[in-house]
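A quick write-up on the structure given underneath.
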Amino acid sequence: MSSNKKFATRFGVIAATVGSAVGLGNIWRFPYECGANGGGAFLLAYIMFVIVLGIPVICAEFVIGRATGMNVAGAFRKLKAAKFWHLISWLGILASFFIMGFYSVVAGWCVDYIWQSATGFGQAASQTDLHAQFDSLTGDAWRPLGWTFGFLLVNFFVISRGVEKGIERMSNLLMPMLFVIMAAFCLNSLLMPGASQGLEFLLKPDFSKLTPDVLLSAMGQAFFSLSVGMGVLITYASYFKDGTRLVKTASLTAGLDTLVAVMAGIVIFPACFSFGQEPAAGPKLVFEVLPSIFMSMPGGRIWGVLFFVLLFVASLTSTVSVTEVVIAWLEGEWKISRKKATVLYGIGVAVTAALCSLSFGVLSGWTVFGRNFFNLLDFLSSNILLPVGGMLLSVFVGWVLDRSVLRRELTPEGHRVPAYVPLIIFSLKFIAPVAIMAIFVVGIL
Ligand code: PFF
């Protein structure tokens, strides 16, 4: 797919960017991070970061992508940026490997859970049974590996078909469905006996919990969930038409993405308290709480299957965007055919994913700073690589990029420069770089 291909419709643009943003980050990662980092305080910090850092940096990526119509590295070349800025594309490519590594493992678990939902979780009778089922899946060697590789094959098949045929059609149909089914689950959870305790946990901030660690996690979650900081949105914006409104698309994407994360919180936390589970359970949280929900619902098997199928598709529309960054780069910069690029990158990702999957079983002894390989890649990509990428992107667009390009791209065709444009520029020049740096300093050192 060369850069002269464009998304066919305006709805297609939104569906593809929202498709990239909405995925396991909202439904699996947000509840576990929120649960482990104090609930309401985390949600508040998260929403603040989405507004103050997320939306401006999304705009920065959109501007670079649409102004150049190129992949990440090509964009910096076309803008005649100094060598240093090419670091952003290398960081993005590294982040793409890391994210694909652990993300496809979780997507593989979802596929296993489609099957498990259909069979009523093997007639598991208690919470203990459900915990044991998750541990036996993740601790196994071949079963999760098989699903992960299956997921990767589907991902690379979609990618090989190109942007508008593969990505756009799939997002148009299935993203709205996911939204509707999530709304139904929210209602179901709100009727549970633990609803008020769960809602209080999610919505009532306890400010004493706002530690530097929590801020770092909330910032990482915001970047991860919005798919920002690694060039995915540069690549997608290179497929936007001239008339696509960048700020509107950025705000709508951020708004819908946050809504789905909050909905996931409303589904998970009431159920968590109703079933006596621990909100701070980490990456396994959703995989232990959701089955309890399905098993207590009338028609739970069907709901379970439907939900995990949609989650699978939501993951796919996200991984396709993560993959597209590297494929567009291999095609555009290295002149490798789309097919060859897919195979080359696919092999690298399969090895990384295998190591992540095995890190819950035979490789669980391999730890760095107390984290297994899976958790390490999750932490490094979300909490370090994406925010560093976001910081560099904001400095580049705020300080280096020609101001007239920035103004032109952010102003809808035929309009005067809207009042929000200086605000976005101010955030890119000052707020985003300083805030990201400050959080690194207090959160990591
Ligand atoms: N935003 C996706 C999610 O929330 O599941 C994950 C993701 C996609 C992260 C693309 C980063 C990215 F560049």
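Counting starts at 1 for both ligands and their atoms, in listed order.
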(message) Evaluate V228 for polar contact with ligand 1, using N/O atom pairs at a separation under 3.5 Å.
(response) no
(message) So, applying ring pair (Phe, Tyr, Trp, His ring centres under 6.0 Å) with F294, which one of F275, F185, W303 is it?
(response) F185
(message) So, applying ring pair (Phe, Tyr, Trp, His ring centres under 6.0 Å) with F360, which one of W366, F287, W109 is it?
(response) W109
(message) Consider ring pair (Phe, Tyr, Trp, His ring centres under 6.0 Å). Of W329, F396, W90, F84, which one does F76 pass it with?
(response) F396
(message) Taking only non-hydrogen atoms of F223, do any sit less than 4.0 angstrom from ligand 1?
(response) no
(message) Any nitrogen or oxygen of G25 lying under 3.5 Å from a nitrogen or oxygen in ligand 1? Just yes or no.
(response) yes
(request) Return the residue, atom name and 0.1 Å-rounded distance of the protein heavy atom closest to atom 8 (C) of ligand 1. (result) S227 OG, 3.2 Å
(message) I need the atoms of ligand 1 closer than 4.0 Å to a non-hydrogen atom of I99, numbered in the order shown.
(response) 11 (C)
(message) Between F30 and Y46, is the ring centroid distance below 6.0 Å?
(response) yes
(request) List every atom of ligand 1 that sits less than 4.0 Å from any heavy atom of S20, numbering the atoms from 1 in the order shown and giving each element. (result) 1 (N), 2 (C), 8 (C), 10 (C)
(message) If we set the cut-off at 4.0 Å for heavy atoms, which region of A21 has an atom near ligand 1: side chain, backbone, both, or neither?
(response) backbone
(message) Distance under 4.0 Å to a non-hydrogen atom of S321: what atoms of ligand 1 satisfy this?
(response) 10 (C)
(request) Please identify which atoms of ligand 1 are closer than 4.0 Å to at least one heavy atom of N26. (result) 4 (O)
(message) Any carboxylate oxygen within less than 4.0 angstrom of a Lys/Arg side-chain nitrogen, looking at R371 and D378?
(response) no
(request) Any chance you could lay out the side-chain hydrogen bond (donor to acceptor under 3.5 Å, both in side chains) test for D257 and S225, step after step, and finish with the verdict? (result) CA-CA 7 Å; D257 186 66; S225 193; 2.7 Å; yes
(request) Identify whether the distance between the nearest side-chain nitrogen and carboxylate oxygen of K78 and E333 falls below 4.0 Å. (result) no
(request) Would you mind listing which atoms of ligand 1 come within a distance below 4.0 Å of any non-hydrogen atom of V322? (result) 8 (C), 10 (C), 12 (C)
